[in-house]
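For reference, the structure discussed in these notes is given below.
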Amino acid sequence: MKPIATLLLAVLCQSALANTAPQNIIMVVGDGMGPSFTTAYRMYADDPSTAEVEETVFDRLLVGMASTHPDMETGYITDSAASATALSTGVKTYNGAIGVDANKQPVQTVLELAKMQGRKTGIAVTSQINHATPASFGAHNESRQNYDKIADGYFDVKINGQFVLDVMLGGGWQYFIRDDRNLVEQFKAAGYEYVDDITQLDTVKAGTPLLGLFADKGMPWALDSANHMRLPALTKAAIRQLENDQGYFLLIEASQVDWAGHGNDIGSSMAEMHDLAVALEWLEQYLVKNPDTLLVVTADHSTGGLSIGANDNYSWSPKWLKNLKASPVEIATQLMTIKNRGALASDLMGFELTTEEVSSLNVIESDEPRPLHNAISKILDNRSNTGWTTTGHTGVDVPIFAKGVGSERFRGHMDNTRIAQTMFELLRNKK
Ligand code: MG
Ligand code: ZN
C-alpha cells in the first residue's frame with residue numbers, strides 16, 4: 001500500500017474509533033471465574049448424546065485475556081477489591097482497597113463518570129450490594145471490611161446532587177437495616193422503590209429508582225433458589241429500571257462463583273456458572289435488539305485452582321453434579337441433625353451413595369456444617385474427578401468477553417486496568 005493511502009486509512013480508522021460511543025455499558029464480573037471455570041462449564045453444559053461438545057455463550061463472546069495482579073507492593077495475587085478497583089478505575093492498588101489508589105486516595109470510577117454524564121447507574125449482584133466488587137464501582141474506602149461505611153456512602157455521597165446508584169439489587173439487610181441507621185427507610189423517603197423478595201421485581205414501575213435487598217448478606221446459592229435462576233432475574237429487572245434516553249452503566253456480578261471456589265465446591269461452582277450463563281444468553285439477545293450497547297464480561301481473578309481432571313486419571317465426569325437438589329452447604333446443614341445420613345444424602349445429591357461414601361458422612365460429628373460440606377464436596381470431587389490446589393485465589397490470567405459497540409477494543413491480551421481505561425475512553429466519546 002502507498003504511504004499516503006496507509007496514512008489515510010490510519011486517519012479513517014482513528015476517527016472511526018473516536019466516534020465509537022456506546023449508549024449503554026453493561027459490565028459483568030464473574031467473581032473468581034478463571035478459565036478453568038468457563039471450560040468446566042462447557043463440559044458441564046455439554047449434551048453427551050451428540051458427538052460435539054457444544055459451544056457456550058462464553059465461547060461465543062470470548063475476545064481476550066487479562067492479567068490481574070494488584071499493585072506490586074502487594075504481589076502477584078489479587079483479591080476482589082484490588083481487582084475490581086482496577087476494573088472500575090484503571091488504577092492498580094493494594095488488596096482490600098475499594099475505589100482508592102495505593103496511597104488510599106479516591107479515584108473516579110467508570111460508573112461515577114457515567115453518572116456525571118447524566119446516565120443512570122446500577123449494580124445487580126448475588127453478594128451483599130456493599131461487597132468488594134460492587135463497592136469498588138460505587139464507593140471509595142480504604143478497606144473492604146468497612147461494610148457499614150460503604151453502605152452509608154451509597155446514601156450520603158452525591159454526584160451533581162444525585163445518588164451514585166439509581167438501582168441496587170442483591171443482598172445486605174444487615175448492613176442497610178441497622179440499630180444505628182435504617183438506610184432502607186432513608187432511600188424510601190428519598191423516592192426509591194424498595195422490594196425484599198425477588199418475585200416482587202416484576203411489580204415495580206419501570207424507570208423508577210430501585211433498592212432491592214433479598215438476603216441478610218449474600219443471596220442463597222443458585223442451587224437453593226427458586227428455579228435456580230436469580231442473576232437473570234436481577235439483570236432483567238435492573239435494565240428495566242435503567243433504560244432511558246441518556247443511557248446507563250450497569251455492573252452485574254456473579255459473586256458466588258468465587259465463594260464456591262473458596263469452598264472447593266464443584267457442585268455449586270457449576271450451578272453458579274449456569275446462573276451467569278443464562279443471564280449472559282439473555283444479554284446476548286438484548287444486544288441484538290439494542291445494538292447501541294456495549295457488553296464487557298470478565299473475572300477479577302480465579303479461585304481454588306480448579307482442575308478439570310485429577311489424580312493422574314484422564315477423565316472428568318460432570319454428570320454427578322447435575323442432579324443436586326440443593327447446594328452442598330444446604331445438604332450439609334440438613335444432614336447435621338441426622339445419624340444415618342445415607343438415604344437423605346443420596347436423595348439430595350441425586351445418586352445412590354456407596355457404603356464407603358455413606359460412612360464418610362456418618363463419621364462426622366460437628367456443631368457446624370463445614371466438615372460435612374467438605375465431605376460432600378469430596379464425594380463430588382471423587383465422582384467427577386475434580387481437583388483443587390487452594391482454598392484461596394490464584395494468579396492465572398482471566399478471560400475477557402465482549403459484544404456490541406466498541407467490543408473490538410477488548411481483543412487480545414491486556415492488563416485489567418486497560419479494561420477500565422477503555423471504558424473511560426468510550427464513555428468520553430459520548431455525543
Ligand atoms: Mg466479588
Ligand atoms: Zn475470593
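This chain uses plain numbering: 1 for the first residue, then up along the sequence. As the structure lists them, so they are numbered: ligands from 1, and atoms in each ligand from 1. Keep in mind that this is a model prediction, so the values were computed, not measured.
Under 4.0 Å is where a charged nitrogen must lie from a carboxylate oxygen, and between R230 and E272 at least one such pair does. Here E425 pairs with R418 in a salt bridge; the nearest charged N to carboxylate O distance falls below 4.0 Å.
The CD1 atom of I338 sits 10.0 Å away from atom CG of N362, with the distance rounded to the nearest 0.5 Å. In this structure, CG in N385 is found 11.0 Å from CD1 in I266, a value given to the nearest 0.5 Å.
The salt bridge (charged side-chain N to carboxylate O under 4.0 Å, His left out) test with D166 is passed by exactly one of R119, K115, K120, R240: K115. Residue K92 is tested with D71, T417, D415 for a side chain to side chain donor-acceptor pair (under 3.5 Å); the sole match is D415.
Shown here are the protein N/O/S atoms lying under 2.8 Å from the Zn ion (ligand 2), water excluded: D258 OD1, D258 OD2, H262 NE2, H393 NE2.
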